[in-house]
Each structure stands twice: as C-alpha cells, then as structure tokens.
Amino acid sequence: MGMPSDNVKYSTITVTPAPHIHSGADFSKVMYSVILALLPAALFSIYMYKMDALRVMALAVAASMAAEYIFQRMFGKAITINDGSAIVSGVLLAFILPPSVPWWLVVTASFVSMLVGKHIFGGKGYNPFNPVLIGWAAIRLSWDSYINFDYAMINYHVPFSLEYPLSVLKKAGAAGVDKFALLDLFLGKQAGGLGAAVIFLILLGGLFLILRGVISWRIPVSFLAGVAIMALVFWLVDSGKYANPLFHIVTGNVMIGAFFLSTDYSSSPVNKTAMVLYGLGCGIFTVLFRVWSVYPDGVVFAVLLMNIMNPLLDRIRPKVPGKVK
Amino acid sequence: MNIRSIFGFLPPNLLYSHGKIPVVNMEIPGTAIIFIDIVPGRENIPDIKVGDEINTGQRILSGDNSLLAFSPVTGRVKKIYEVHWIDDRRYRAIDIETGPKDCIDPQCKGHGNYLEMEKDEARSILEKAGYNLTFPAQPILNFLESDLSVSINTNLLIEHGDILKDGVQLLKKITASENVVIAITEKLKGEADKIFGSDKSTIIKVVKSRYPNGMKEILPGAVSRNSDNYLVFSPGEVMSMISLLKNGHPSLDKMISLIGTDGQPVKNFRVRIGTPVEDVLSEYNLDIGENDKLVLGGAMRGRAAYHTHFPVTADTDAVFIQRKNDIMEPGAEPCVGCGRCVWICPLKLQVNLLARYSEFSVFQGCRDLDIDFCIECGLCSYVCMSRRPLVQFITFAKRELEKIKEEDGDAV
C-alpha cells in the first residue's frame, strides 16, 4: 500500500463503493405503507363485526409476528419482525378470513404461512408463493366448515344479507344473484373476508399504493382485465347461468387479490410484459375456478398457480439496447 | 438534485446541476502528485528517479507501448510509490516538489495553427495520447455533466466558447464528419445558440437533464434513434486535445466542482492537475473528520479515497466530503424482488438476477444476462429498497469473469 508524504495527517476515513447517495427507499417503509393502505378497510370491518374483527386481525398479526420470530431464531437468521412484513402478512390473512374463525385456526394458518410459505425457502425475498395464500389454502382445505362463508357468518347482525354472493352464484346461477345490487357489493355490503369484502376501501388502498409507487399498476389492472375478459366470455355464452363481469369484480377476493395478494414482491414478476401476463393469468384462472371448481371463489388458487409460473414468466425479458444478436 | 414526489416512492428523477458557479483559481501546489495506471502487461515504469529535476509537460514514460504521461509541474521528484485503490486499481504515484518557476519542457512541440494540421497527423497524436477515435464517426460535444452535482461544463461553455468553437472544427476534421452534434440541456440552449448558432455545421440537440443521459454510453441513444458510430467528447476533453496539438502537452489545469453537504456544487476550482485534494479542501477550510468519506467524483460514480493525499487528475470532476451521518449503511439484506432496479436500469439489465448470481458465485449466469453491458451508473443501488450493494455485486462478477477468461486463455 502506498504511503505518501510524511506530513499527511492520518485519520480514519470511510471508503465505500459508489453510488454515495440513496433514494431513501426502504423495505419497512414500504411495508408500513401497505399497512396504511389496509387500515381503512380494517376499520370498516371492525365497525361491522365489532370485537370479532378486531380479535381475528390482532390474533393473525400477533401469531404471524411470533411465527416470524420463532422461525428466524430456529433458522439462525437475523430477527426482522419490526420491518412490517409479518404485520402485513397477518393483516392480509385476517382480511380473507371470516370474522367467526376460531382462534386456533388463525394461529395455525399464521404458522403454516410463515413456515411453509416463507421460512422454509429461506425467509424474506425467497418465497416462491405469497405466504398468506399458503396459510389460507392449508386451512381452507383442512377445516372447510370453519372458514366456509356459508356457515361462518350466520350469527352476525349487520345491515345487509349474510349470504355469500359467490355461493349463491354457484348454487342458483346468475338469476340468483340479481338480488345483490352491484353498488351495495361495491360499498362492502356483502358477506366475505373481513377486509376483502370492503371492495371500495380495498380499491382506495390499492390506488394509494400505486400512487405511492409501492406497487406497479400493471398487475392489478391486468388482473381485473383478466377477470373481466374471462367473465365476459362466459356471460356472452349464457347470461342466465353466468354472472356479468362487474359482479365478478366486486365480489369475493378479486379486489384484494389484484392489489394486495398477487402483488407480493418476491412471488410476482419484475419485468413489465411478464407482469401483465401474470395479472391476466390470475384474473382468467380466478373466473375459471369460480365457474368450474367446487370452490365459490378461486382468487387464492389462481394467484398460487400464477406464483408457480412467475420464474417462467420472468424469462420474458426486454432486449438490452445495443445488443447485436 | 433529487426531485422526488412528495407522496413517496415514485421513480426518482435525478437531475444534473446547472448554472455558472463562482470559480476560484488556485496557485500551483507545493507538491503535485502524478498517478499512472498500472495495468497487467503494461507496468509503466517511469523514466525518472527520486531527486530528478522535471519540467512542466515533460513525458515521464517512454516506449511506444506506454501511456502518454506528462508532468503537470516543474520541480524535483520527491517520492515514487505504489497506490492500490478500490476496484483492484493500481497506480504508480509520483510526488513532485514544485520549484519557484513553471518551465514548459523544450521537448513539447506543438503546432500553433493546429487547425491547419493534416488529419492523419492530428489523429495519430491524439490516438497515442489515449483518445479513442474510431473512424468514420459522428462526433458529439457533450455539455451534460459526467455525474450528479458536478457543474463544470456551464463554466467552460461561457468562459471558453471561442476555444470550443475551434474544437468543433477539430472534431469535424479528426472524425471526417460534416457536422458535430452539440448535446445540451434546455437551460443552456440559449448560451449554446449564441456560441455555436452561427456555425452551420453544428446541430444543437436538447437532451433531458436527467442522469445518466450525460454518460458516454447513454448519450448517443438520447440524441438519436440510430445511435451507432457516435463518439462523445466532453468540453474538457476537447480543450485538452487542442492543448495537446497546439502546445505539445495536454491541459495543465482542470476545473473541479466542490460539492457541499447538501449535494449541490458550491464552488468551482481551477487547479493544476496533480494538485492534492488536501490543498483544495484547505483552500475552502474544509476539514475531514473521523469516519467521514472523501469522494473524488460525483455522488453516483465518484470513488472514495482512503486519504487526502490523492491528486486531482484529468478525469476528476468533483470533490466532496460526505459526513459520517450521511453515509449510507451498506446492507446485506436479501433481495425482496420489488423490481425497481430492473425498471430503472438504462440498459434494461436483469439487475436483481445479476446480483443474486454474483452473490452466490454463479458467474456464468451473469455472463448469460449480458453483464458486460452494465455501465455502472449506480441507479440500481440508488433505488434498492433493501440497500443491496448492487453495483458492487456486478463489478465483482465482472472482475471474476475477467479472471476466468484469463485462466482459460492461459490454458489454451
């Protein structure tokens, strides 16, 4: 190492590689923005379902954070429960559960989502699926009666029908859902997931995230477009049997799926074309599941399916300018 | 410099600095330092020893294969040593104690009327000095800065318009081009019109004042759709080329911006090349404290020096001290896959994958993803929400690939 002239005053100075400035973007700031975006819908559902909504949400958040802490300790990782990602997972999980879900199921779902959905793959950033959906799918398949909206919501007194619109659609066809006014559904007057059913506030939160640059518009817009296109196809085939596209968009988990569930960073593509295809796929499969599967709503399974395709889709890359080939 | 939406995390708009900055002309320093690149296969051992007298403009390397290195001052060689800098760069450093007189070396022979020179003669002199002059090419005179917070080209345009006007003629001659594109920002267009407007062979193109449009690799694309065969020159380079032809030595002086702690240029200094940075700092009464960072160059691409006895060289455009509280803590967090680096990359590289491949030593994967196209503008690291050292991952992989290539070459 070169030692220059002797009269140089030495002091410890820092050497780091360029760049020397940073935009200030920060993962936990992003996570707290997501929480902020979810807050209005959370308050709305507390207003509707009182303590039960609060109970499920608090439990899901606490269990997710505890699970994150335990698994990070177990796998010898740095503890990052303060970065907000476990809170977001907890809130999103609660948002797609009914208010009546028993406490042990919330805890189970949280632990499954954190272990099987996230930490088994290496933790933050390595999860190929949205962890929330893994947890939800596990309990949906294992304890159907507890989170089936047909049975779960009968004990509440709210100013709207507690029939789950998508179940009605499944059983009675498009004629059966004529009793639901689209505007009421949009305004959250429907049975469904705690926060997920509050369509207009979820939409508002999603727009907030897009404006804030947390998520790109590509996935939500193409998701909704996919739902609309596929539903339109069915509706044109038989409008007596299949519901119209708008009904599909304002019911179930479509809105929360488009803005919050499918946009999970590490399980969604980063290239722009791939994002559009991914969103379209989510939307199309949502409707296909709704129409042809035994489940009334298909958002979670559609997103999980597209999560698997994410690495494949992300191979659709832009061309490097100036590259000759 | 950083225009961010008040609302939050929208794509950052990094704008270049504009405007004429007050200039301080500094005296010739008491000690000047010369840095000569040491590259494999080209050790560049100087002809001079400690104690030798040396003249301004004197060549200190001989041999056909060596770089053209000049002494910027007149004095006595005090010390010769080696400097290792970051990114594996090595330099032969020579400290010269300057004498009372500033004598131009008698061997420096120029052509007073350089515009009358034969094209091939001018080209061969410039090419020997290390200028890359592919032929034929469309020259661009680039008035965008090399980096954020640097603000020297406005000053050069306003103060040296006449020389730069001649420079346009020179560029036309050495590239055998009929015209020269002047790349300039909206705010400086009026000034450029005044100086170059009368010359019908210049094409003034307004370029968005957004980083990294000023970079050599990006500018041709910003100027024209068909961006082949462009050669980009900065005003400083053109002035140095003129000096080399006219006086037989490159520019002896260099303008640099001193960047304040807010990231804006506060003052420009015209210094003799080889002036130690410590002299510039003491001229402005700037102290470097414990754990502060001294950066030579701009905020995005400058290199941090490990002490103050580093020289201002021909490609140093700025100097700034970053206080320890402003230094970004480098992170080792995993990539969350948000995609911001991919969206902002001016070359549309898969930065997220490149960094992961590099992190886990899958260098072949980096090559398959066109790592060689990376121009190290730093935007990916700038926007990374996990604060991953993305540029460093990429430069590391590039160097490892270079090593693999060398080893393979030896095997054959």
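Lettering of chains follows the sequences in order, A, B, ..., and the numbering in each one begins at 1.
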- prompt: Would you say Phe259(A) and Phe223(A) make side-chain contact, with heavy atoms under 4.5 Å?
  reply: no
message: So that I can tick it off, tell me whether Arg90(B) and Asp37(B) are bridged by a salt bridge, with the cut-off set at under 4.0 angstrom between side-chain N and carboxylate O.
response: no
query: For Glu68(A) and Thr80(A), what are the C-alpha separation, side-chain angles and deciding distance, and is it a side-chain contact (heavy atoms from CB on, under 4.5 Å)?
result: CA-CA 8 Å; Glu68(A) 175 117 308; Thr80(A) 59; 3.9 Å; yes
field: Max heavy-atom pair count under 4.5 Å with chain B, selected residue of Ala18(A), Ser216(A), Pro269(A), Gly122(A)
entry: Ala18(A)
query: Can you say whether Ile327(B) sits under 4.5 Å from chain A via the side chain, the backbone, both, or neither, judging by heavy atoms?
result: side chain
query: Looking at Arg323(B) and Asp292(B), does any basic side-chain N land under 4.0 Å from a carboxylate oxygen?
result: yes
task: Would you mind checking which part of Leu390(B) comes under 4.5 Å of any heavy atom in chain A, side chain (CB onward), backbone (N, CA, C, O), both or neither?
output: neither
- prompt: Does Lys293(B) NZ have over 12 foreign heavy atoms under 6.0 Å away?
  reply: yes
- prompt: What part of Asp314(A) lies closer than 4.5 angstrom to a heavy atom of chain B: side chain, backbone, both or neither?
  reply: backbone
query: Given the options Gln350(B), Arg301(B), Gln392(B), which has more heavy-atom pairs under 4.5 Å with chain A than any of the others?
result: Gln350(B)
field: Pairs of heavy atoms under 4.5 Å with chain A: top-ranked of Gly339(B), Gly378(B), Gly302(B), Cys335(B)
entry: Gly302(B)
- prompt: Heavy-atom distance under 4.5 Å to chain A: side chain of Glu333(B), backbone, both or neither?
  reply: side chain
Which atoms of Cys338(B) approach chain A - backbone, side chain, both or neither, heavy atom under 4.5 Å: both
message: Check this for me, if you would: do Arg92(B) and Glu82(B) make a salt bridge, where the nitrogen-to-carboxylate-oxygen distance has to be below 4.0 angstrom?
response: yes
- line: Bottom line for Asp147(B): the part with an atom under 4.5 Å from chain A's heavy atoms is neither
Heavy-atom pair count under 4.5 Å with chain A, highest-scoring of Val295(B), Val342(B), Leu353(B): Val295(B)
field: Row check, Tyr32(A) ring normal vs Lys29(A) NZ/CZ: under 6.0 Å, within 45°
entry: no
- request: With the side chain counted from C-beta on, respond yes when Ser110(A) and Val112(A) share a heavy-atom pair under 4.5 Å apart, and no when they do not.
  value: no
message: Under 4.5 Å from any heavy atom of chain A, what part of Phe320(B) do you find: side chain, backbone, both or neither?
response: side chain
- prompt: Is chain A contacted by the side chain of Pro276(B), its backbone, both, or neither, given a heavy-atom distance below 4.5 Å?
  reply: neither
task: Against chain B, work out which of Arg317(A), Lys272(A), Met275(A) has the most heavy-atom pairs shorter than 4.5 Å and name it.
output: Arg317(A)
field: Greatest number of heavy atom pairs closer than 4.5 Å to chain A - which of Ser386(B), Cys384(B), Cys345(B), Pro389(B)
entry: Cys384(B)
- prompt: With a 6.0 Å cut-off on ring centres, are Phe310(B) and Phe35(B) close enough?
  reply: yes
task: Identify which part of Leu369(B) has an atom lying under 4.5 Å from any heavy atom of chain A, answering side chain, backbone, both or neither.
output: side chain
query: Relative to each other, are the rings of Phe27(A) and Tyr265(A) parallel, tilted or perpendicular (30° and 60° limits)?
result: tilted
